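All figures in this text were calculated on a predicted structure; none of them were measured in a lab. Just so you know, these numbers use all the heavy atoms, side chains as well, and skip hydrogens, waters and symmetry mates.
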Amino acid sequence: MKFKMVHENYNVADLDKSLKFYKEALGLEEKSRKEAADGSFIIVYVGNEETDFELELTWLKEHPQPYDLGEVEFHLAFKTSDYDGAHKLHEEMGCICFENPEMGIYFIEDPDGYWLEIIPAR
């Protein structure tokens with residue numbers, strides 16, 4: 001029996017703001033969308049040509065308050081071939097939330113407080 005990871009879900013408060021962030025910060029584009037007939041939710045899958053793994057962004061009409069992310073001890077990691085360029089972009093965006101120079105990595109934070117690890121291609 002084999003399993004293939006296909007997506008991870010993040011619930012978001014402002015779908016448009018999140019889509020803009022993920023496009024600007026990580027080059028992720030909308031791949032597909034599901035909308036409830038009653039308007040209670042919108043699910044958007046974003047991704048890129050580097051992998052078929054997708055990030056599922058879910059907006060829920062009945063959840064206007066910020067999401068409780070606990071201690072933010074979980075994250076999704078992205079490997080980049082242009083680490084210095086990515087760092088510069090994220091620095092300009094003001095979204096770098098933690099750096100670990102010893103490990104050669106840093107984290108950015110999305111509009112809802114989710115942490116995303118940036119790793120250089122080695």
Steps toward side-chain contact (heavy atoms from CB on, under 4.5 Å) verdict (D112, N11): CA-CA 8 Å; D112 291 281; N11 284 14; over 6 Å; no
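- Cluster annotation: V46 is not connected to V6 through the hydrophobic network of ILVMFWY side chains, with a link wherever side-chain heavy atoms come within less than 4.5 Å.
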side-chain contact (heavy atoms from CB on, under 4.5 Å) assessment of I43 paired with L57: CA-CA 6 Å; I43 297 173; L57 302 176; over 6 Å; no
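- In this structure, the ring of H87 has its center less than 6.0 angstrom from the ring center of Y106.
- To the nearest 0.5 Å, atoms OG (S81) and CD (E50) are separated by 7.5 Å.
- The main-chain N or O of A13 is never found under 3.5 Å from a side-chain atom of H63 such that the two would form a donor-acceptor pair.
- Here the straight-line distance linking atom NZ of K88 with atom CE of M93 works out to 14.0 Å at 0.5 Å rounding.
- Distance CG/L15 to CG/L60: 10.5 Å, rounded to 0.5 Å.
- A donor-acceptor pair under 3.5 Å is formed between the side chain of Y83 and the backbone N or O of G104.
- Distance alone, capped at 3.5 Å, places no donor-acceptor pair between the S40 side chain and the A36 backbone.
- A distance of 10.0 Å separates CH2 of W59 from CG of D16, quoted to the nearest 0.5 Å.
- Listed here is the closest heavy atom pair of F21 and P111: CG-CD, 3.6 Å.
- M5 and L26 fall within the same hydrophobic cluster, where Ile, Leu, Val, Met, Phe, Trp and Tyr residues are linked whenever their side-chain heavy atoms come under 4.5 Å apart, directly or through other members.
- In this structure, L19 and V44 have side chains that are in contact, with non-hydrogen atoms separated by less than 4.5 Å.
- Atom-to-atom distance recorded for E24:CD and E92:CD is 9.5 Å, nearest 0.5 angstrom.
- Looking at D52 and K4, a side-chain N of the basic residue comes within less than 4.0 Å of a carboxylate O on the acidic one, giving a salt bridge.
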Worked verdict on F41 versus E62 for side-chain contact (heavy atoms from CB on, under 4.5 Å): CA-CA 8 Å; F41 70 84; E62 298 299 323; over 6 Å; no
Stepwise salt bridge (charged side-chain N to carboxylate O under 4.0 Å, His left out) test for K31 and E49: CA-CA 10 Å; K31 298 293 186 180; E49 300 302 319; 3.2 Å; yes
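- The one candidate from F98, W115, Y114, F107 that meets the ring pair (Phe, Tyr, Trp, His ring centres under 6.0 Å) condition with H75 is F107.
- For the residue pair E8 and L76, the shortest heavy atom distance occurs at OE1-CD1, 3.3 Å.
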Side chain to side chain donor-acceptor pair (under 3.5 Å) assessment of E30 paired with S32: CA-CA 6 Å; E30 183 173 329; S32 63; over 6 Å; no
Test log, rule side-chain contact (heavy atoms from CB on, under 4.5 Å), inputs I108 and D110: CA-CA 7 Å; I108 60 176; D110 88 345; over 6 Å; no
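- Here the closest heavy-atom approach between residue F78 and residue L116 is recorded as CE1-CD2, 3.9 Å.
- The structure places NZ of K34 at 14.0 Å from CD1 of I42, a figure rounded to the nearest 0.5 Å.
- Closest non-hydrogen pair, E54 versus Y45, comes out as OE1-CB, 3.5 Å.
- Contact check for E109 versus C95: no side-chain heavy atoms found under the 4.5 Å cut-off.
- Heavy atoms only, all atoms of each residue included: N48 and G27 are closest at CB-O, 4.0 Å.
- In this structure, I118 and I105 have side chains that are not in contact, with every pair of non-hydrogen atoms separated by 4.5 Å or more.
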